[in-house]
Amino acid sequence: MKNKYRILKIAITVIILGFLLSFSLKKFSGQKITDNKISVKMNEKTPVYFIDEKDIREIVNKENPSRKVGDLNIPELEKKINALPAVDSANVYLNLNGKLNLDIKQRVPVFRLNKDGKDFYVDEKGTEFPISRTYSHPCMLVTGDVKKDEYEKLAELVEKIDKDDFSKKYFIGISKYKDNYNLLTSEGNYRVEIGDLDNIDFKVKGFKTFVEKYLVYQDPQKYKMISVKYQNQIVTTLNPYFKENDSILKASHKDLAKAPVAAVPVKKAEVSSKPEVKKANSASLRPKENTKPKAVVKPKDTKKPTAKPKSKAKVKIE
């Protein structure tokens, strides 16, 4: 009897709890999600404004026109928000008091890429997303045919530039021509050629050394390009439109014109046994009668003179 009484007591308790729970759920699902019960948090470290709280509230109201808790499909709402191009991740959940929480992390652009006439942003993960009509994020502008597999390395380069005071001062953009990357500078018309995206720290350090030892004492308009892509050397190209370079460029052109096509090793001149006979000029002066000629030229014999072995002709110059 005691066991039956206990089982009956447990059954009644479960029924009462179930009734109360169903009543509570019915009452909970009938609650309306008002504006003050919607909490939107943007969790990105760098503030961006591609979407705002107003945009998220509009999506919530569109997905749940009745605004009732029971009619809200949380997984579907979360999927809709994650599908936004500027959203990196979204987490949607309800509290027991009927408050709807939305924790959203937006994509933060690392650089803006102009490729094939189109502009779009790229984040640190190498993900592309379109630019906004209402908001423009300040970031490095990159132009050229950049491949998708280069996005992450390029993002690392931009982050290094942003974190370094020297690089941030000089470099304002990046361009790619064929397979060479160039850093565009804020001073002068020159660009810094870095080649590929490897050994970036070493290349930037080489440019910094060139600036501190040479460029600070010169006009930045003097150069057209400064190349640091070669190992252990810096190659500069002069700006042809800079007036002070005219004399240098003219001198270099003259040196190139004088340079022989093929360099031939020069040997010491040998005195030939047969002297060359040149025709006398009609305007040449005759020697005076009393003057003694320095050299007397004897007429040649018809027969070849027999040269003594190992004897060389000596020429004496007075």
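In this chain, numbering begins with 1 at the start of the sequence shown. Computed from a prediction, not measured in an experiment: that's the story for all the values here.
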State whether the side chain of [X] and the backbone N or O of [Y] hold a donor-acceptor pair below 3.5 Å, judged by distance alone.
X	Y	result
Asn61	Arg57	yes
Asn91	Asp103	no
Asn199	Phe202	no
Tyr121	His137	yes
Asn82	Glu78	yes
Asp219	Gln221	yes
Asp55	Asp52	yes
Ser186	Lys169	yes
Lys176	Asp145	yes

Quick one: do [X] and [Y] make a salt bridge, cutoff under 4.0 Å?
X	Y	result
Glu159	Lys163	no
Arg67	Asp35	yes
Lys168	Asp162	no

Shared ILVMFWY cluster between [X] and [Y], side chains joined below 4.5 angstrom?
X	Y	value
Val48	Met140	no
Phe50	Ile81	no
Leu238	Met225	no
Val108	Ile104	no
Val211	Tyr214	yes

Is there side-chain contact between [X] and [Y], with heavy atoms separated by less than 4.5 Å?
X	Y	answer
Glu63	Asn73	no
Tyr223	Gln218	yes
Val122	Phe120	yes
Ser39	Lys99	yes
Ile59	Leu84	yes
Phe210	Leu215	yes
Leu141	Phe111	no

Can you see which heavy atom on [X] is nearest to which on [Y], and at what distance?
X	Y	answer
Val204	Ser167	CG1-OG, 3.4 Å
Met42	Ile51	CE-O, 4.0 Å
Lys37	Gly98	CD-O, 3.8 Å
Asp71	Ser66	OD2-OG, 2.6 Å
Glu150	Tyr181	OE1-OH, 2.8 Å

(message) Using 30° and 60° as the class boundaries, would you call the ring planes of Tyr135 and Tyr49 parallel, tilted or perpendicular?
(response)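 If you compare the ring of Tyr135 with that of Tyr49, the planes turn out perpendicular.
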(request) Classify the ring geometry between Tyr190 and Phe207 as parallel (under 30°), tilted (30 to 60°) or perpendicular (over 60°). (result)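 Tyr190 vs Phe207 ring planes: tilted.
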(request) Determine the sole option in Lys229, Lys203, Lys153 for which the side chain to side chain donor-acceptor pair (under 3.5 Å) test with Asp196 is passed. (result)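 For Asp196, the side chain to side chain donor-acceptor pair (under 3.5 Å) test succeeds with only one of Lys229, Lys203, Lys153, which is Lys203.
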(request) Have a look at Asp88 and tell me which of Glu124, Glu44, Arg107, Gln106 forms a side-chain contact (heavy atoms from CB on, under 4.5 Å) with it. (result)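 Of all the options given, the one that passes is Arg107.
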(message) Here's a test for you: under side-chain contact (heavy atoms from CB on, under 4.5 Å), which of Leu157, Leu184, Val146 qualifies with Ile174?
(response)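 Exactly one pass, corresponding to Leu157.
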Could you give the distance from [atom1] ([X]) to [atom2] ([Y]), rounded to the nearest 0.5 Å?
X	Y	atom1	atom2	answer
Ile56	Leu100	CD1	CG	11.0 Å
Ser175	Asn114	OG	CG	11.5 Å
Leu113	Lys148	CG	NZ	11.0 Å
Tyr151	Thr127	OH	OG1	10.5 Å
Leu102	Ile74	CG	CD1	9.0 Å
Lys105	Lys45	NZ	NZ	7.5 Å

Please say whether more than 12 non-hydrogen atoms of neighbouring residues, nucleotides or ligands are located less than 6.0 Å from [atom1] in [X].
X	atom1	result
Glu128	CD	yes
Asn36	CG	yes
Lys115	NZ	yes
Tyr177	OH	no
Gln231	CD	no
Lys160	NZ	yes

